[in-house]
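Here is the structure we will look at, set down as structure tokens.
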Amino acid sequence: MNYGALRYQQQSGAGLSSRQVEALAFKKVNELMANPRNGADRREALAKNYRLWSILLLGIERTDNLLPSVLKNDLLKIATWMLKETNLA
């Protein structure tokens, strides 16, 4: 693999497991939320946080989701709370 293709793969997340991609997404959003430089950064961080939790919520509600129902219900409660709090912020 040439250098350019290797760098693209590293940047795009190709080759990562879905769990690793999810962890990186939460890490990035948490960093944005923790360190806004101004109001625009804060709004962007909140928007990305809302989008991330919305995507998680859609995944939880999928009929082919194989997570145990107790875990799905707990994640549903957390996601719903997080969306509400993000809207209030």
Side-chain angles (χ1 to χ4, degrees):
M1 179 179 293
N2 70 33
Y3 177 77
L6 179 62
R7 292 293 296 158
Y8 174 79
Q9 182 179 12
Q10 291 170 341
Q11 290 294 321
S12 68
L16 297 177
S17 72
S18 59
R19 182 174 287 179
Q20 290 171 314
V21 171
E22 290 169 359
L24 285 174
F26 275 102
K27 180 180 178 190
K28 177 66 176 173
V29 168
N30 287 337
E31 287 172 357
L32 291 172
M33 296 282 291
N35 302 309
R37 292 174 296 201
N38 53 44
D41 283 355
R42 183 175 184 272
R43 285 187 296 278
E44 179 185 353
L46 289 167
K48 289 185 184 295
N49 186 59
Y50 191 91
R51 177 141 170 77
L52 179 60
W53 282 98
S54 295
I55 291 168
L56 180 70
L57 188 59
L58 289 173
I60 294 166
E61 295 175 336
R62 289 180 52 108
T63 57
D64 61 345
N65 185 322
L66 301 177
L67 291 174
S69 60
V70 171
L71 180 56
K72 284 196 274 191
N73 287 335
D74 287 347
L75 287 171
L76 180 64
K77 290 174 189 172
I78 294 169
T80 302
W81 177 82
M82 185 59 71
L83 292 174
K84 184 180 112 189
E85 291 298 313
T86 301
N87 272 333
L88 294 174

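Since the structure is predicted, the reported quantities are computational estimates derived from the model, not experimental observations.
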How far does CD of Glu85 sit from CG of Asn87, to the nearest 0.5 angstrom? 9.5 Å
Give the cluster check for Val29 versus Leu58: same hydrophobic cluster or not, with ILVMFWY residues linked at side-chain heavy-atom distances below 4.5 Å. no
Among Leu57, Leu56, Asn49, Leu52, find the residue that satisfies the side chain to side chain contact (heavy atoms under 4.5 Å, CB included) test when tested with Met82. Asn49
Do Leu67 and Trp53 share a hydrophobic cluster, counting only Ile, Leu, Val, Met, Phe, Trp and Tyr and linking them when any side-chain heavy atoms are less than 4.5 Å apart? yes
Within one Ile-Leu-Val-Met-Phe-Trp-Tyr cluster: Leu83 and Trp81, side-chain cutoff 4.5 Å: yes
First locate atom CZ of Arg42, then atom CZ of Arg37, and finally report the distance between them rounded to the nearest 0.5 Å. 15.5 Å
Please check if atom NZ in Lys72 has more than 12 non-hydrogen atoms from other residues, nucleotides or ligands closer than 6.0 Å. yes
What's the shortest heavy-atom distance between Asp41 and Asn38, and which atoms? N-OD1, 2.8 Å
Kindly work out whether a path of hydrophobic side-chain contacts (I/L/V/M/F/W/Y, heavy atoms less than 4.5 Å apart) joins Ile60 to Ile55. no
For the hydrophobic clusters of this structure (ILVMFWY residues joined by side-chain heavy atoms under 4.5 Å, transitively), does one cluster hold both Leu75 and Phe26? yes
